[in-house]
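Quick notes on the structure that follows.
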Amino acid sequence: MSVSACFATSAYCLFSHGSNSPENSEAEGSSETSMPPQHPHMYSQTFTCRRPQSISRLRLRTVCGLHSKILAGRTITDPDLLESSNVDWLKTVKGSSEVLLRPQTTEEVSQILSYCNSRNLAVNPQGGNTGLVGGSVPVYDEIILSTSLMNNILTFDNISGILTCQAGCVLENLSLYLEERDYIMPLDLGAKGSCQIGGNVATNAGGLRLLRYGSLHGTVLGLEVVLADGRVLDCLATLRKDNTGYDLKQLFIGSEGTLGVITAVSILCPRKPKSTNVVFLGCETFEELLKTFQLCRGMLGEILSAFEFLDSECMRLLNTHLKLPNPITDCPFYIVIETSGSDQDHDSQKLDNFLEKAMASTLVTDGTVATEQSKIKDLWSMRERVTEALTHDGFTYKYDISLPVERIYQLVTDMRQHLGDRAKSVVGYGHVGDGNLHLNITSPAKDPALLAAIEPFVYEWTASCQGSISAEHGLGLKKRNYIYYSKPSQAVALMGNIKAMLDPKGILNPYKTLPDDLK
Amino acid sequence: MSGRVLVGVKRVIDYAVKIRVKPDNSGVVTDGVKHSMNPFCEIAVEEAVKLKEKKLIKEVVAVSCGPQQSQETIRTALAMGADRGIHVEVAGKDYETLGPLQVSKIMAALAKKEDAQLLILGKQAIDDDCNQTGQMTAALLDWPQGTFASEVSLDGDKVKVVREIDGGLETIKISTPAVLTADLRLNTPRYATLPNIMKAKKKKIANVKPADLGVDLTSRLEVLKVEEPPQREAGVKVETVEDLVGKLKETGRI
């Protein structure tokens, strides 16, 4: 199988259990043998994901072994219960795992991995299963290792703001806990009600607050990780500064479960702002939007905590599918600005000055402001629920791209022109403050011809600006083979070396993150 | 007819905030807690502004009774389209014991003073859930009342009000001047847009004291205790149907 075949076709096919029958043209590999499928027409149509000889097939006695030895009562084999853990949130990829394990302690995770490593059994770590690149669900029958029951908060120091907790804590629950103590999590994303902090760290999630508080690479102070062979790596320091040797935790942040299973996190949390304002503005052109951003940075700099945008197509989807009305008049572009500070009067003053300037200079054609919790939530929904609105519009092709800020919308315009009326909707929104575009395209049903038009056009466009083909979603299953558009081969080869060193048998989340041609 | 509509707006704890009871059970914690306009009052303001936009009335005056911060609530009403505001200053102990009876007396006095054609209030406040101010004010003024309004239409000197009642909807026709109270489905309050927020800064808010209106603020009610509702207990999982039946018998459910 050639690498170029992988590039040309998409990863968005439903992987179903076993069969080699011609009707099931999207089936990939079989659990009967570890040889690739024999039907030639399947190669050209589908995306091949070769199951290494080294990975063992799951046998019933293995399952019983796991059940009785390690996790009595928390080993799930019921197919109905397994269904939701085998399918990703977007419902675009499906695995055929037969076992879901739910450990409660690091010790249990260590026993599981030690057991699996010795028997060459593949393991798929899973948190909230909200990932958007198919990295959180099995491809074949990998054992799902869920962190859902590891949801204890361990310590919180309200002087330093350092929180330590198990990896399965749901982000929203951590936020609620901290808010009662006058702190907040340094990250926030639309999936907060379901995503778990371990998964957030494994994906190096970005989110809505990155502009103000930075990335997890900076806010995570320590990690406890269980390695592929079951060894527990305790780097769960709670120190702000510690320059003693190589900073190992950085390797695991963003490793998408391929280098180790994160079991505990220590993270630096900021104080809860006393004053929060959200502004929703409308702009005529993207150039004016960028000028507004510059004005905003200049006049609100130290209190600015988010700067997001969405286009009129996004607004149309919100109106149509979620019945959310436009808070202001219809404009081509919308901005959501959030300020967070320690003094309501000072911040209102700064905000008023900025708004007067923005309106007077006609950079902004309309807008509204919210200071109350309930209104703030409503305005934020306009940005946070676009992803949801898209799922109602049809099959969604999602692209999460980092570009030079001034070129962000050009990609959307070019894509619209390039696709013409082959696509149903082409929308752009995202963390414009961070140079991160979420480009989404929909069609009534999955359409391989449309996909062929989108990819590799979108990746080549991105590479031509030295951008990233995955700004914050990660590579997972779907984007692993496109890594070369944003990283040189030398770098990817070195990643392969590190993987081989930490997981020599390749049991941790195989078929994810690193490209197939590394084997 | 004066064409003037008075709208009462109350400053309450924002509905999205988690309420906490004071340790001494004397009330809820309000210090440092986010406040905003009572949602039903927003609906009342929206209705008044709509009537003005339809040119059925000439002026919308927003009124609030409370401490200094109540002015913010009036500003929000101004940003939504009210023309001017009246802040009735009530602070300290008087504010703690301020209830529907006193507010009704204030509203009645102002309605007469301003020669209002209509007085529109929210049906109830989300902090005390009293649902009394509109009705008491109408009684003090001896005006007709259209409460729990989900639809309002002006017709000369009469008002047609569709009311939400337990059995469904009731339509009544009352003469003006009248008191109306807004229910949830009356309208969807607009977001205050920037140009209006800017304009609102220049609109006038008059300061009035209850004594100037001849109103006595003494309360006849005393709050004895405020407590949280009983904590919701965790559910119990059972393994078999027999266990379920057993548990139900145990707790005396069957």
Side-chain angles (χ1 to χ4, degrees), chain A residues 73 175-177 179-180 182 272-283 292 323-331 334-335 337 342-345 348-349 351-382, chain B residues 9-21 29-43 45-46 68-81 122 125-127 184 187-202 228 234 237-239:
Chain A
S175 292
L176 290 171
Y177 173 89
E179 272 159 38
E180 282 176 15
D182 215 29
K272 183 166 83 173
K274 295 215 175 40
S275 147
T276 311
N277 296 301
V278 173
V279 181
F280 194 80
L281 300 174
C283 287
T292 309
K323 307 281 179 274
L324 291 176
N326 191 342
I328 57 177
T329 53
D330 287 334
C331 305
Y334 303 94
I335 308 175
I337 296 175
S342 53
D343 188 317
Q344 178 70 38
D345 294 329
S348 299
Q349 191 60 46
L351 194 55
D352 284 345
N353 291 344
F354 163 70
L355 290 172
E356 276 194 49
K357 193 98 192 272
M359 292 235 56
S361 60
T362 67
L363 282 177
V364 161
T365 47
D366 197 4
T368 184
V369 188
T371 37
E372 305 105 19
Q373 200 93 318
S374 41
K375 290 251 161 47
I376 287 177
K377 269 198 180 138
D378 289 340
L379 287 182
W380 263 121
S381 323
M382 304 310 293
Chain B
V9 295
K10 186 178 181 186
R11 179 176 180 266
V12 298
I13 295 180
D14 187 278
Y15 77 73
V17 169
K18 189 172 176 213
I19 305 290
R20 254 176 285 177
V21 176
V29 177
T30 53
D31 273 340
V33 174
K34 248 310 140 74
H35 283 64
S36 56
M37 191 191 292
N38 182 40
F40 295 106
C41 300
E42 278 182 7
I43 297 175
V45 173
E46 175 65 26
Q68 189 64 14
Q69 296 95 317
S70 294
Q71 294 206 9
E72 284 163 25
T73 313
I74 299 175
R75 285 268 167 236
T76 309
L78 295 174
M80 284 173 73
I126 59 169
D127 52 5
L184 194 65
N187 59 49
T188 308
R190 65 195 60 194
Y191 283 89
T193 58
L194 279 182
N196 286 330
I197 294 172
M198 298 294 155
K199 269 189 236 160
K201 291 195 206 296
K202 303 197 178 69
E228 285 200 20
K237 259 192 179 159
V238 293
E239 294 294 314

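Letters go in sequence order (proteins before strands), and every chain restarts at 1.
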How close do A:Thr276 and B:Lys34 get, heavy atom to heavy atom, and via which atoms?
O-NZ, 3.9 Å

Between A:Thr368 and B:Arg190, is any pair of side-chain heavy atoms under 4.5 Å apart?
no

Taking the side chain as every heavy atom from C-beta outward, state whether A:Lys375 and B:Met37 have any pair of such atoms under 4.5 Å apart.
no

Any chance you could measure A:Glu372, atom CD, to B:Ile13, atom CD1, to the nearest 0.5 Å?
13.5 Å

Return the option, out of B:Asn196, B:Thr193, B:Thr188, B:Leu194, with the maximum number of heavy-atom pairs under 4.5 Å with chain A.
B:Leu194

What part of A:Glu356 gets within 4.5 angstrom of chain B, counting heavy atoms only: side chain, backbone, both, or neither?
both

How would you list, by chain and number, every residue that makes a side chain to side chain donor-acceptor pair (under 3.5 Å) with A:Asp343, sequence neighbours excluded?
none

Does any heavy atom of chain B fall under 4.5 Å from the side chain of A:Ser275, the backbone, both, or neither of them?
neither

Residue pair A:Glu180, B:Lys18: steps toward the salt bridge (Lys or Arg N to Asp or Glu O under 4.0 Å) verdict
CA-CA 10 Å; A:Glu180 282 176 15; B:Lys18 189 172 176 213; 3.5 Å; yes

Chain B contact via A:Thr371 - which portion, at a heavy-atom distance below 4.5 Å:
both

Is the shortest heavy-atom distance from the side chain of A:Gln373 to the side chain of B:Ser36 under 4.5 Å?
no

Checking A:Leu281 against chain B: side chain, backbone, both or neither under 4.5 Å from a heavy atom?
side chain

Return the OH to CG distance between B:Tyr191 and A:Asn326, rounded to the nearest 0.5 Å.
9.5 Å

Once you round to the nearest 0.5 Å, how far does CE of B:Met198 lie from CG of A:Asp352?
6.0 Å

Considering only heavy atoms and a distance below 4.5 Å, find which of A:Met359, A:Glu179, A:Lys274, A:Lys377 pairs most often with chain B.
A:Met359

